[in-house]
J.: 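Below you'll find the structure I mean.
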Protein chains: 4
Amino acid sequence: MSGINKVILVGHLGKDPEIRHLEGGVAVASFPLATSETFNKDGRKVEQTEWHNIVMWRGLADVAAKYLQKGKLVYIEGKLRTRSFEDKEGIKKYTTEVVAENFTMLGRKTDFETEGAPRNGARTAETDGYRNDADDLPF
Amino acid sequence: MSGINKVILVGHLGKDPEIRHLEGGVAVASFPLATSETFNKDGRKVEQTEWHNIVMWRGLADVAAKYLQKGKLVYIEGKLRTRSFEDKEGIKKYTTEVVAENFTMLGRKTDFETEGAPRNGARTAETDGYRNDADDLPF
Amino acid sequence: MSGINKVILVGHLGKDPEIRHLEGGVAVASFPLATSETFNKDGRKVEQTEWHNIVMWRGLADVAAKYLQKGKLVYIEGKLRTRSFEDKEGIKKYTTEVVAENFTMLGRKTDFETEGAPRNGARTAETDGYRNDADDLPF
Amino acid sequence: MSGINKVILVGHLGKDPEIRHLEGGVAVASFPLATSETFNKDGRKVEQTEWHNIVMWRGLADVAAKYLQKGKLVYIEGKLRTRSFEDKEGIKKYTTEVVAENFTMLGRKTDFETEGAPRNGARTAETDGYRNDADDLPF
DNA sequence: TTTT
DNA sequence: TTTT
């Protein structure tokens, strides 16, 4: 039976998205996202930051490349996926990623403006609330 | 600023929960959870299963120990947490876990009955929809 | 700026879906869904049931018509939408509905078999985890 | 069996929270929240705003009274609840509300500063990521 | 490596 | 009635 595998994050990009193109031309964007939590410990405020590896495919990767940047606040919805790989020493390791299915930019209007984009009315419908229509992801 | 780090899963336990008690008596339960996704690939049905490491603390661990079992269908809400550890060879590795904040059992009523529990009206409010009231988790 | 409007429900259908076709042929399915919550009140178990009006459009409505039935357990993801209408006395009233964006059937395999469907391997990828690809909904 | 009834919203307050105290002293805060969605219709950008009635109880209401204000951007998690009431003409009507279980403020640091609060370091752990510990709500 |  |  089918199950549910859903992740909801609101956080800041730790770096600009890194874009790769697979053989066949499929675009893949990836970047780290920080979600911080503040709580009281013995009367002192403590901040705990969790880092997530975000991966975006195809059309979503293109939009990410265009609008997401280090420091931006973003809402991301996706699913968990753990895959194995071999490091340089040939040791098998595992990594868990959040494969994004859609994202929405949060924050001030100026936050949506990028270097390469016009400063007036640059934001399109696709920038906020972009939904991946490619559910035929290769995994 | 604070962010959001939320995971929502519906899946089946791959094993009975494993219960440990830390020095101080704090209970920790852990078990693998499978979420399956079925999709069409070239006209054939393909099932993809993702495995998640679930961790429950304190009161939630106690309830898990009492009611959760291999094969049960459960809804879990929690957050992502990646931690490092050294394997037996002393190699540093990372693992990502879902730290559960509450869970709800899904499925038939008979699914809530366990070996050790009475067969009549055994299910209490705590079994379905248990919420962790210990937000002072040690991480 | 764009926001987030998301609803996640797991519950049982109170009735079979009711299917209508708008002028233009667009299919709309609607049905009530019950989500129950059990809690302790003064030592006694009390069950509280909340009823939700679910609406599905286009392809999702077709799948609902085919597979969803009174009593089935289903996971639904969607968004809130409040609209006004006039009752028979001409009094303006409001109703809040959950416009589903995708759903997944939960429960036993036999629960996925319907009257009109073959009893062997009838379940297709579309039955569980159907995602609405029509984001151009008329509202 | 227990179900899931969960709402996740990110939006702006349409008004300051309105605080009432029930007999017994229980605090209740309520306010409208707007979630906007932008999409393309025939090449033109169209914005659709949905309004939600948010209700917060007890400790959560107190925190809301202290920190939430008209215009603020906030993440809210809660559940749906439909209740009936009689309007001034004695006509029975229904209203659906989102009973918040926790909220997190989003946006710039200056957005967390209120009239009555000191401008330096005013924000405490409670302002972002407040979780309602009173699950014994009166409904 | 983000943000407050 | 919010925000962009």
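Below, all heavy atoms of this structure are taken into account, side chains as well, without hydrogens, waters or symmetry copies. Sequence lines set the chain letters: A, B, ... in the order given, protein chains first and strands last, and positions in each chain run from 1. Bear in mind that the values here come from a model prediction, so they are computed numbers and not experimental data.
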J.: Supply the atom-to-atom distance D/Ile8 CD1 to A/Lys6 NZ, rounded to the nearest 0.5 angstrom.
T.: 8.5 Å

J.: Rounded to whole Å, how long is the line connecting atom CD of A/Glu50 with atom P of E/dT2?
T.: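 So the CD-P distance, A/Glu50 to E/dT2, works out to 16 Å.
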
J.: Just the rounded figure in Å: distance from P of E/dT2 to OH of A/Tyr75.
T.: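 Going from OH in A/Tyr75 over to P in E/dT2 covers 25 Å.
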
J.: To the nearest angstrom, how far is A/Leu73 atom CG from E/dT3 atom C1'?
T.: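 After rounding, the reported distance stands at 8 Å.
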
J.: Considering only E/dT3, F/dT1, F/dT2, which nucleotide approaches the side chain of A/His12 most closely?
T.: E/dT3

J.: Hey, is B/Glu50 close enough to A/Lys79 for a salt bridge, meaning N to O under 4.0 Å?
T.: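 Looking at A/Lys79 together with B/Glu50, the answer is no, because their closest N to O distance does not fall below 4.0 Å.
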
J.: Just how far, in rounded Å, is P of E/dT1 from CG of A/Leu9?
T.: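 Nearest whole value for this atom pair: 21 Å.
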
J.: Can you measure A/Ile54 atom CD1 to E/dT1 atom C1' for me and round it to whole angstrom units?
T.: 13 Å

J.: Ignoring the backbone of D/Ala34, work out which of F/dT1, E/dT1, F/dT2 is nearest its side chain.
T.: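 Selected nucleotide (nearest to the side chain): F/dT2.
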
J.: Does E/dT2 have A/Trp51 stacked on its base, where the ring centres are within less than 5.5 Å and the planes differ by under 30°?
T.: no

J.: Quick test of your reading of the model: are D/Arg81 and D/Glu97 salt-bridged, counting only N-O distances below 4.0 Å?
T.: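 So D/Arg81 pairs with D/Glu97 through a salt bridge.
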
J.: With the side chain of D/Glu47 defined as its heavy atoms from C-beta on, choose the nearest nucleotide among F/dT1, F/dT2, E/dT2.
T.: F/dT2

J.: Rounded to whole Å, how long is the line connecting atom CZ of D/Phe31 with atom P of F/dT2?
T.: 15 Å

J.: Give the rounded distance in Å between these two atoms: CD of A/Gln69 and P of E/dT3.
T.: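 In whole Å, E/dT3 P lies 12 Å from A/Gln69 CD.
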
J.: To the closest 0.5 Å, what do you measure between CD (B/Glu101) and CG (D/Asn102)?
T.: 9.0 Å

J.: What nucleic acid atoms does A/Gly11 come within less than 4.0 Å of, heavy atoms only: base, sugar-phosphate, or nothing?
T.: nothing

J.: With sugar-phosphate meaning primed atoms plus P, OP1 and OP2, does D/Thr49 contact a base, only sugar-phosphate, or nothing at under 4.0 Å between heavy atoms?
T.: base

J.: Using a strict 4.0 Å threshold on nitrogen-to-oxygen distance, state whether B/Lys93 and B/Glu86 make a salt bridge.
T.: no

J.: Would you mind reading off the distance between A/Lys15 atom NZ and E/dT2 atom C1', rounded to a whole angstrom?
T.: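 About 12 Å, once rounded to whole Å.
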
